[in-house]
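The structure under discussion appears below in the form of structure tokens.
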Amino acid sequence: YDASGNPVAVATGSSGQVLTSAGAGAPPTFAAVAANAGTLSFQAYRSGNLSVSATTQTELVYNAEVHDGSSKYDTSTGRYTPGVAGTYFVNAGVSFAPDSNIGTGATGYLKIRKNGTGSEYGQISNQGSGDSNDEAWNTAAVIELGSSDYISVWWYHTANSGNMLSVQSWFSGFRIA
């Protein structure tokens, strides 16, 4: 729609272009994708179960990679350090198998932290259900990182130790701006 509210045809773009806003009152236009969008991508997972303790904040280590073309994810620490300032989309998932019944008052969380402490993103929490079924936790965030910042995934549960299940647990991300 134009500034008067009348419908306006949008010109056809070229292969590889995306539809972008031209501002208030102007029809959208096609433009090239920003050069850094989608760069510095990685995807990591667990190659085996990871034992996690109750009432202990645990920095999760996803110890295997599907891809990491820029070698910015460290499989020994579980930290992603892109080395380039920018805006990043990251997401993480955990499948948790508790050692015993999770009480109805028990709580836990999965979150993404920048530089290990301080800034936390995408926290998701859960309260116990009174059973011992496996649980699935997923979170995502858009995070501004400086050139020396890193991000990692943290886990905490008040009631149970257990296992972070392999292959069903992952951490991935990419630069968006």
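FYI, the numbering just counts along the sequence from 1.
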The criterion is side-chain hydrogen bond (donor to acceptor under 3.5 Å, both in side chains); which residues satisfy it with [X], sequence neighbours excluded?
X	value
Asn138	none
Ser172	Asn91
Asp68	none

So, does [X] use its side chain to make a donor-acceptor pair with the main chain of [Y] at under 3.5 Å?
X	Y	value
Tyr73	Tyr62	yes
Ser70	Lys72	no
Arg46	Val61	yes

Any idea how Trp137 and Trp155 line up, ring-wise: parallel (<30°), tilted (30 to 60°), or perpendicular (>60°)? perpendicular
State, to 0.1 Å, how close Leu40 and Pro82 come at their nearest heavy-atom pair, and which atoms those are. CD1-CB, 4.1 Å
Any salt bridge between Glu59 and Arg113, counting N to O under 4.0 Å? no
Centre-to-centre under 6.0 Å for Phe42 and Tyr80, is that the case here? yes
Hey, could you give me the CG/OG distance between Asn49 and Ser169, rounded to the nearest 0.5 Å? 8.0 Å
Under 4.5 Å between any side-chain heavy atoms of Tyr150 and Asn115, yes or no? yes
